[in-house]
Amino acid sequence: MRLRDYQIQCLEQTYDNIAIGKKRVKISIPPGSGKGNIICELILNYYKQGKTVLFVAHKTNLVAAENAIADRLMETYRFSDFGLYLAGKKSAIKKVMLGTNKTVANRKVSNIDVMIIDESHRTKAPEYVDLIDKIKPDVLIGVTATPFRTKKGENFEDMFDVIVNPISTRKLIERKFLVPYKIICPQVDIDFTGIKVKHSVSGEMDFDQAELFKRYNEDRVYQTLIDKWKEHGENRQTVVFCTNDKRHVNTTVEWFVKNGISAEGITSDTTKEQQKQAMKRFAAGEIKILVNIGMISEGISIDVTGCILFLCATASLVKWVQASARGNRSLWNSDYSDWRMEGGKYEKTDCILIDLGGNVMRP
């Protein structure tokens with residue numbers, strides 16, 4: 001695997017900090033920068049040193065699914081000497097273990113040299129604080145694209161010794177590793193007055209989703225959705241983010257379909273296999289619209305996505321940054337020398353972000 005220069009720099013800075021005693025390192029690297037490859041390199045480097053390594057994420061599909069860490073290790077790095085801590089799965093204990101935080105918390109785990117946490121902006125949540133205290137790794141490495149908290153007065157200074165930040169989104173766009181955004185924020189006339197902001201168990205804050213759904217669940221809003229998509233995003237593979245209500249996903253899909261636009265939805269009722277197949281159909285262009293709540297807002301991207309549509313408002317900067325970044329991956333040709341072309345033109349040169357929640361203007 002050939003790493004990019006900033007990925008090499010990221011690894012070197014991480015190892016250098018650990019060597020001088022800063023053994024709690026947070027890596028901050030933008031979505032689309034190759035975070036998964038950095039994690040795999042860390043795992044394999046410590047494995048070669050004879051260290052025990054534990055990789056933890058909060059979702060199964062970040063651990064063992066298509067293009068997740070387990071898949072990358074096997075397919076890209078030809079490495080399979082690892083075990084899994086996943087609910088309902090039995091696995092031999094290996095020097096390298098991959099699992100979800102909830103399953104690891106329920107297993108007997110000891111003598112871990114290096115613990116790597118994906119989406120580590122979540123480490124302030126009680127379940128992660130308790131897990132780290134339980135594992136007591138010699139080295140703790142957290143990786144995230146959003147190294148901040150929106151809970152007032154909360155930061156990571158008591159959990160990490162240093163932040164490694166090798167490159168910015170702007171630089172990635174300048175160097176063509178990512179495509180630029182074009183942000184469109186149409187007027188929808190939704191009244192957000194009186195909607196409370198609540199804190200989730202993980203400590204993140206966002207609008208009351210039940211109340212937010214009521215404001216969005218109106219025919220005039222759905223019609224605006226269709227009109228604005230046809231105006232700005234038509235013919236682009238589009239991912240839609242809804243409020244945290246399955247009815248919102250289902251109704252949104254219905255509105256697209258009745259307007260002659262192929263669409264499917266993903267919710268917590270969708271099985272993992274159904275999710276996988278829906279994303280494959282979307283990537284192949286068999287469906288134009290993929291609607292979800294937050295199932296694909298972190299760690300999962302489909303490179304052909306050319307439009308992100310927010311049919312929701314959010315007070316969470318983490319959610320906004322993570323979800324809006326699902327469409328800025330470049331489409332590369334086979335040797336990665338340039339973006340992919342068809343008919344003498346690049347297939348993808350930007351990503352349209354249609355914001356029907358006024359999120360881009362929210363402080």
Side-chain angles (χ1 to χ4, degrees), residues 59 61 65-67 179 181-186 188 190 209 212-314 319-320 322-329 331 347-348 350-357 359:
K59 292 181 180 179
N61 60 8
E66 188 171 3
N67 210 34
V179 299
Y181 294 104
K182 181 180 179 182
I183 302 176
I184 300 164
C185 191
V188 191
I190 295 177
Q209 295 295 301
L212 200 62
F213 170 62
K214 293 178 185 177
R215 313 289 175 99
Y216 273 92
N217 191 37
E218 296 183 13
D219 286 355
R220 66 174 186 83
V221 178
Y222 291 115
Q223 188 59 58
T224 299
L225 159 74
I226 300 300
D227 293 342
K228 294 304 177 183
W229 181 79
K230 285 183 175 181
E231 181 181 354
H232 302 291
E234 192 167 15
N235 296 322
R236 289 177 179 250
Q237 294 299 104
T238 301
V239 172
V240 179
F241 289 95
C242 290
T243 64
N244 192 15
D245 193 304
K246 298 169 190 175
R247 293 171 296 174
H248 200 196
V249 171
N250 296 334
T251 305
T252 299
V253 170
E254 290 171 5
W255 268 81
F256 276 111
V257 171
K258 77 179 184 180
N259 279 275
I261 305 159
S262 57
E264 291 187 28
I266 294 176
T267 71
S268 57
D269 290 336
T270 314
T271 67
K272 289 182 174 60
E273 182 59 28
Q274 289 172 332
Q275 291 179 32
K276 180 180 178 181
Q277 294 305 318
M279 287 190 284
K280 279 189 173 182
R281 287 190 289 273
F282 179 76
E286 296 171 14
I287 56 173
K288 185 62 65 178
I289 311 291
L290 189 61
V291 186
N292 80 118
I293 296 169
M295 308 295 288
I296 56 175
S297 63
E298 292 178 324
I300 299 174
S301 295
I302 304 171
D303 293 354
V304 297
T305 304
C307 179
I308 299 293
L309 200 155
F310 274 80
L311 190 62
C312 61
T314 180
K319 180 178 177 179
W320 170 251
Q322 293 278 358
S324 63
R326 296 309 105 191
N328 66 346
R329 270 64 171 176
L331 286 176
E347 291 184 46
K348 180 179 178 181
D350 60 16
C351 177
I352 301 293
L353 199 162
I354 305 173
D355 178 13
L356 298 183
N359 298 295

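Counting begins at 1 with the first residue of the sequence.
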What heavy-atom pair brings Ala313 and Gly357 nearest, and what distance separates the two atoms?
-> CB-O, 3.7 Å
Gln275 side chain to Thr270 backbone, donor-acceptor under 3.5 Å = yes
Tell me, with the steps shown, if Gln223 and Asp227 meet side chain to side chain donor-acceptor pair (under 3.5 Å).
-> CA-CA 6 Å; Gln223 188 59 58; Asp227 293 342; 3.0 Å; yes
Could you go step by step and tell me if Lys348 and Val179 meet the side chain to side chain contact (heavy atoms under 4.5 Å, CB included) rule?
-> CA-CA 8 Å; Lys348 180 179 178 181; Val179 299; 4.0 Å; yes
Does the side chain of Tyr222 pick up a donor-acceptor pair with the side chain of Asn217 at under 3.5 Å?
-> yes
With distance as the sole criterion, is a donor-acceptor pair present between the side chains of Thr238 and Lys288 under 3.5 Å?
-> no
Starting from the C-alpha separation in whole Å, work towards a yes-or-no answer on side chain to side chain contact (heavy atoms under 4.5 Å, CB included) for Leu290 and Ile266.
-> CA-CA 8 Å; Leu290 189 61; Ile266 294 176; 3.9 Å; yes
Between the main-chain N or O of Arg247 and the side-chain N or O of Asp245, is there a donor-acceptor pair closer than 3.5 Å?
-> yes
Answer yes or no: is there a donor N or O on one side and an acceptor on the other, between the side chain of Arg236 and the main chain of Ile308, under 3.5 Å?
-> no
So, Thr305 side chain and Cys307 main chain: donor-acceptor pair closer than 3.5 Å or not?
-> no
Whether Gln237 side chain and Phe282 backbone form a donor-acceptor pair below 3.5 Å = yes
Heavy-atom pair with the smallest gap, counting every atom of Ile293 and Phe241 | O-CD2, 3.3 Å
Can a donor-acceptor pair be found between the side chains of Asp350 and Tyr181 at a distance below 3.5 Å?
-> no
Is it true that a side-chain atom of Asn359 and a backbone atom of Thr314 form a donor plus acceptor pair closer than 3.5 Å?
-> yes
Partners passing side chain to side chain donor-acceptor pair (under 3.5 Å) against Thr252 (at least two apart in sequence or in another chain) | none
Where the side chain of Asn292 meets the backbone of Val240, is there a donor-acceptor pair that is under 3.5 Å apart?
-> yes
Is there a donor-acceptor pair closer than 3.5 Å between any side-chain N or O of His248 and the backbone N or O of Thr243?
-> yes
Do you know which two heavy atoms are closest between His232 and Ile184, and how far apart they sit?
-> ND1-CD1, 3.3 Å
Stepwise side chain to side chain contact (heavy atoms under 4.5 Å, CB included) test for Val304 and Glu347 = CA-CA 9 Å; Val304 297; Glu347 291 184 46; over 6 Å; no
Would you find a donor on one side and an acceptor on the other, under 3.5 Å apart, between the side chain of Lys228 and the backbone of Leu356?
-> no
Closest heavy-atom contact between Ala263 and Val253?
-> O-CG1, 3.7 Å
